[in-house]
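Note that this is a predicted model, so its numbers are computed, not measured.
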Amino acid sequence: MTDWRAIVADAIRRLRRNGLAGGAAALLILAAAPPTAGAHGFTGPLAWGLLLASCLVPLAFSVHLLFDAALFRLAASHDGEAAGLAAIDDVLARMGLRARGGVSATLPERLRGCRRLLWLQRIALAVAVALYLILLLDGMEGGGA
């Protein structure tokens, strides 16, 4: 019984760490871009809109990861794995995010879904960093003219 709690505790730590770090990285890009990249060259409203959108996506994934961490924390507060997973399903059903009485996902399936979210967040952050670097390079080249 303690084995599933250790797995869930590890998942909670990873989800919280990645959720907070990914959100902070996206906010850092949003905060650093205007003063460092400037508004020169081709960096018109479209480029800044793309950068904003590419930073909002990892922020949304960060919120989702933190929500999942809270759900796993709820599961860990129950005595057994089945009761904890049922509590997650109950909360999701009450919030209207899942149909009642549906087939409950197992713990490994839920953890695979969380890993998928982590990779999507990392890809979205990589896109945001790439766009920021493009804006930064264009701002440096356009700033001298």
Side-chain angles (χ1 to χ4, degrees), residues 2-78 81 83-100 102-145:
T2 58
D3 185 42
W4 79 272
R5 283 187 191 231
I7 293 169
V8 168
D10 183 52
I12 292 169
R13 274 192 305 279
R14 282 186 296 112
L15 291 172
R16 288 183 69 202
R17 181 182 63 231
N18 285 297
L20 293 173
L27 289 175
L28 181 65
I29 292 169
L30 282 176
T36 59
H40 307 288
F42 87 96
T43 56
L46 177 63
W48 288 104
L50 286 173
L51 181 65
L52 176 65
S54 70
C55 286
L56 289 178
V57 170
L59 277 175
F61 284 129
S62 293
V63 170
H64 195 316
L65 290 170
L66 292 172
F67 179 69
D68 284 351
L71 288 175
F72 279 123
R73 188 175 176 140
L74 171 70
S77 70
H78 288 75
E81 180 179 348
L85 296 179
I88 290 175
D89 291 338
D90 183 51
V91 167
L92 292 174
R94 285 189 210 178
M95 293 178 74
L97 299 174
R98 181 181 186 126
R100 283 202 185 270
V103 175
S104 180
T106 64
L107 184 60
E109 291 171 340
R110 292 171 196 255
L111 293 175
R112 271 194 302 276
C114 291
R115 263 186 252 119
R116 191 187 94 237
L117 282 175
L118 284 171
W119 278 109
L120 289 173
Q121 180 197 38
R122 290 174 184 160
I123 291 168
L125 276 172
V127 169
V129 168
L131 283 172
Y132 170 67
L133 291 175
I134 290 169
L135 288 173
L136 184 63
L137 289 174
D138 187 64
M140 288 178 6
E141 288 179 9

Quiz item: Passes side chain to side chain contact (heavy atoms under 4.5 Å, CB included), L135 versus W48? Steps please.
Solution: CA-CA 8 Å; L135 288 173; W48 288 104; 4.1 Å; yes
Flag side-chain contact, heavy atom, 4.5 Å: [X] against [Y]:
X: S62; Y: L20; answer: no
X: L51; Y: I29; answer: yes
X: L111; Y: F72; answer: yes
X: I88; Y: L85; answer: yes

Measuring from atom [atom1] of [X] to atom [atom2] of [Y], what distance do you get when rounded to the nearest 0.5 angstrom?
X: F67; Y: M95; atom1: CZ; atom2: CE; value: 4.0 Å
X: D90; Y: L74; atom1: CG; atom2: CG; value: 9.0 Å
X: L118; Y: H64; atom1: CG; atom2: NE2; value: 11.0 Å
X: R94; Y: R100; atom1: CZ; atom2: CZ; value: 6.5 Å
X: L117; Y: R112; atom1: CG; atom2: CZ; value: 13.5 Å
X: R16; Y: D68; atom1: CZ; atom2: CG; value: 13.5 Å

Identify the two heavy atoms, one from [X] and one from [Y], that lie closest to each other, and give their separation to 0.1 Å.
X: C114; Y: L15; value: CB-CD2, 3.8 Å
X: A26; Y: L59; value: CB-CG, 3.9 Å
X: L131; Y: L50; value: CD1-O, 3.8 Å
X: A87; Y: H78; value: CB-CE1, 3.3 Å
X: C55; Y: A128; value: SG-CB, 4.0 Å
X: P58; Y: S54; value: CD-O, 2.9 Å

Exercise. Answer yes when D89 and R110 have at least one side-chain N-carboxylate O distance shorter than 4.0 Å, and no when they do not.
Key: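 A salt bridge is present here (some side-chain N lies under 4.0 Å from a carboxylate O).
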Quiz item: Under 3.5 Å, is there a donor-acceptor pair linking the side chains of S104 and R98?
Solution: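 R98 and S104 do not have a side-chain donor-acceptor pair below 3.5 Å.
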Practice problem: Compute both the distance and the angle, then confirm whether R122 meets the cation-pi test with W119: under 6.0 Å from the six-membered ring centre, within 45 degrees of the axis. | Solution: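 So R122 does make the cation-pi contact.
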